[in-house]
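Worksheet for the structure shown next.
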Amino acid sequence: MQSGSYIDGKWFQPKSERVVKNINPADTKDVIAEFPMATAADTERAIDAARRAFAGWKKTPGPERGRVLWRAADIARQRVDEIARLMTREEGKIFREARGEVMKGISLIEYYAGAGFRMGGKTLPSEVRDTFTYTIRQPVGVVALISPWNFPWAIPVWKSAPALIAGNAVVFKPASLTPATAAVLAEIYEEAGLPPGVFNLVIGSGSEVGEVMVSSPHIPIISFTGSNEIGSALHIKAASRGAKVTCEMGGKNAVIVMADADLEKAAVAIRDGAFGSTGQRCTATSRVIAAESVKAELVERLAAFAKGIKVGSGLDESVDMGPAVDEGQFNTNLEYIEIAKSEGAKLVSGGGRPAGLPDGYFVEPTIFDDVKPEMRIFQEEVFGPVLSVATAKNLEEALKVANSVEFGLTTSIFTQDINHIMKFIDEVETGMVHINEPTIGGEAQLPFGGVKSTGVGDREMSEEGLHFFTELKTVFINYSGESGRAMIR
Ligand code: NAP
Ligand code: MG
């Protein structure tokens, strides 16, 4: 594995005093690698390399670009377990989930590889005689990709594959907590035959490398996933210079459990949504809104599940849940647990560090009952294994409570009543909705993203995610022999 940045087709070690110490959050004595941090000047060099490479990549036919991505998918498929193990070591999610993420990323590369054959516009009839009108989609130029640590493989893939297949050149800055998985992606693109400069990886801080990317007049498109704090400021800065931006940010996702729900299935889905990936998914379930008649039984099942979750290093295949990603997130989780207690929520499971795991950032799967919608624990994103349960009298009230938060990524409902299902789909304020399944999950061909404070700009993945990285050009070909336009005749 490389431990530097990759600029203009070359791996190099930035000559800076600052390093990213890549630590295993399940065992802080395990240092995976030290990455020297790239500087503002290195970032400018990456942008220049991308600008030069863009001209050739833009002219490369779509199917040929697609073949490079196909090769990348094949290479990644040979390295699945190795990538998953590295991801578990640097991010902490259990090996099974890391493997699932690698496979998801491979599907995304394959989906976009195929898109190289279908990058077309539309032919539409003109109002004018003897005039042929149609649209084409063209690449935009150098695009900036900025990603978080929680899906260190899938998110960089779902941003870079559509950007590349559309014919853009990429400057990519991963989260400082997960540089190693990012470096593997660059290795794979290199081996697959991407020309030098088409994909550049710059490992460095958000405040230095990120700022240069966001402010650069040579970068017309920025795709960001991360926190609202960073994303909102980035959006304003980029939009003020006319750049096109997509920001996918926080979530506070709810599962509504109606009185007629299959409680066992609902409890399994809530467990997987709340505690899978240690609750560190933007789509994680952090709220339950249950009908009064079933709440007590549901909470009992959830508490039993939570107590059965084995916490530990994700490299141990008998473990169900890994650590928080770092000390900061670990402290945030514990702080929110204290906030919930002081607000009067009732702790029914977990609430602290598990015994016997002193060397990692572990927190127990935690459940609070009797949570009121106005409490901070019900309104703010924790990004950890902390679940809040509230009640509602009926669907109207459940929807009102579900919609009371600033975020709008995903929601789920458990019910057999088709009238409730349809009303829920109509009225819930999130970009994705699930019926009788967890709040988590996404597929290459389906649009992914949220509304309200969660998302700005186009959806990711799918055709929408590809279109974001293109500019549409409308073409008028007049073969009438007259050069006047109909409107002014
Ligand atoms: P973060 O702190 O906002 O960081 C995200 C990225 O932005 C990192 O690469 C970070 O670099 C970079 N950055 C920091 N300051 C910057 C600046 N001034 N200019 C440009 N870039 C800058 O988020 P995170 O802690 O990595 O991830 C957790 C958050 O991501 C959660 O809120 C979660 O909900 C959200 N998320 C959302 C989705 C979605 O699709 N809606 C998916 C996954 C995660 P450094 O690491 O170097 O600071
Ligand atoms: Mg952060």
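Heavy-atom basis, side chains included; hydrogens, waters and symmetry copies ignored. Whatever order the structure lists ligands and atoms in, that order sets their numbers, starting from 1.
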Distance-only N or O hit between ligand 1 and S227, under 3.5 Å:
yes
Close-contact set for ligand 1 against I155 heavy atoms, below 4.0 Å
42 (C), 43 (C)
Test: E208 and R18 ion pair at under 4.0 Å
yes
Tabulate below the donor-acceptor pairs under 3.5 Å that side-chain atoms of residues 86-99 make, not counting sequence neighbours, or state none.
unit_1	atom_1	unit_2	atom_2	d
T88	OG1	A84	O	3.1
T88	OG1	K93	O	3.1
R89	NE	D30	OD2	3.0
R89	NH2	D30	OD1	2.8
E90	OE1	N22	ND2	2.8
E90	OE1	A180	N	3.0
E90	OE2	T181	N	2.9
E90	OE2	T181	OG1	2.5
E91	OE1	K93	N	3.0
K93	NZ	E101	OE1	2.5
K93	NZ	N150	O	2.8
E97	OE1	S277	N	3.2
E97	OE2	S277	N	2.8
R99	NE	D81	OD1	2.7
R99	NH2	D81	OD1	3.3

Check ligand 1 against I230 and write out every atom of the ligand that is under 4.0 Å from a heavy-atom position of the residue.
3 (O), 13 (N), 14 (C), 15 (N), 16 (C), 22 (C)
Purely on distance, is any nitrogen or oxygen of S207 under 3.5 Å from one on ligand 1?
no
Check: E460 N/O within less than 3.5 Å of ligand 1 N/O:
no
Should S205 be counted as touching ligand 1, given the test is an N or O pair under 3.5 Å?
no
Salt bridge check: are K237 and E211 linked by an N-O gap of less than 4.0 Å?
yes
For ligand 1, is G450 a contact, meaning one of its heavy atoms is under 4.0 Å away?
no
Contact check, G204 vs ligand 1, heavy-atom distance below 4.0 Å:
yes
Would a 4.5 Å heavy-atom cut-off, applied to side chains only, mark S147 and T225 as touching?
no
Can N228 be said to touch ligand 1, with heavy atoms closer than 4.0 Å?
no
Under a 4.0 angstrom heavy-atom cut-off, which atoms of ligand 1 come close to S176?
45 (P), 46 (O), 47 (O)
When only distance counts, is E381 in polar contact with ligand 1, meaning an N/O pair under 3.5 Å?
yes
Going by the order shown, which atoms of ligand 1 are within less than 4.0 Å of some heavy atom of P174?
9 (O)
Would you list the pairs meeting salt bridge (charged side-chain N to carboxylate O under 4.0 Å, His left out) in which at least one residue belongs to residues 31-44, sequence neighbours left out?
none
N/O to N/O below 3.5 Å, does that happen between I146 and ligand 1?
no
Result for side chain to side chain contact (heavy atoms under 4.5 Å, CB included) between I146 and one of I230, L234, V171, V209 points to L234
Run down the list G206, G210, P179 and name the one with the heavy atom closest to atom 17 (C) of ligand 1.
G206
Quick one: which ligand 1 atoms are inside 4.0 Å of a heavy atom on N150?
43 (C), 44 (C)
If the threshold is 4.0 Å, N to carboxylate O, is there a salt bridge linking E429 and K452?
yes
With nothing but distance in play, are any N or O atoms of F448 less than 3.5 Å from an N or O of ligand 1?
no
Is the shortest side-chain N to carboxylate O distance from R79 to E82 below 4.0 Å?
yes
Within 45 degrees of the ring normal and closer than 6.0 Å to the centroid, is that where the cationic atom of R45 sits relative to F12?
yes
Considering both backbone and side-chain atoms of W149, is one of its nitrogen or oxygen atoms within less than 3.5 Å of a nitrogen or oxygen in ligand 1?
yes
Is the NZ or CZ atom of R271 positioned over F305's six-membered ring, under 6.0 angstrom from the centre and within 45° of the axis?
yes
Check contact between F151 and ligand 1, using heavy atoms of the residue and a distance below 4.0 angstrom.
no
Regarding R287 and the six-membered ring of F378, is the cationic atom NZ or CZ under 6.0 Å from the ring centre and inside 45° of its axis?
yes
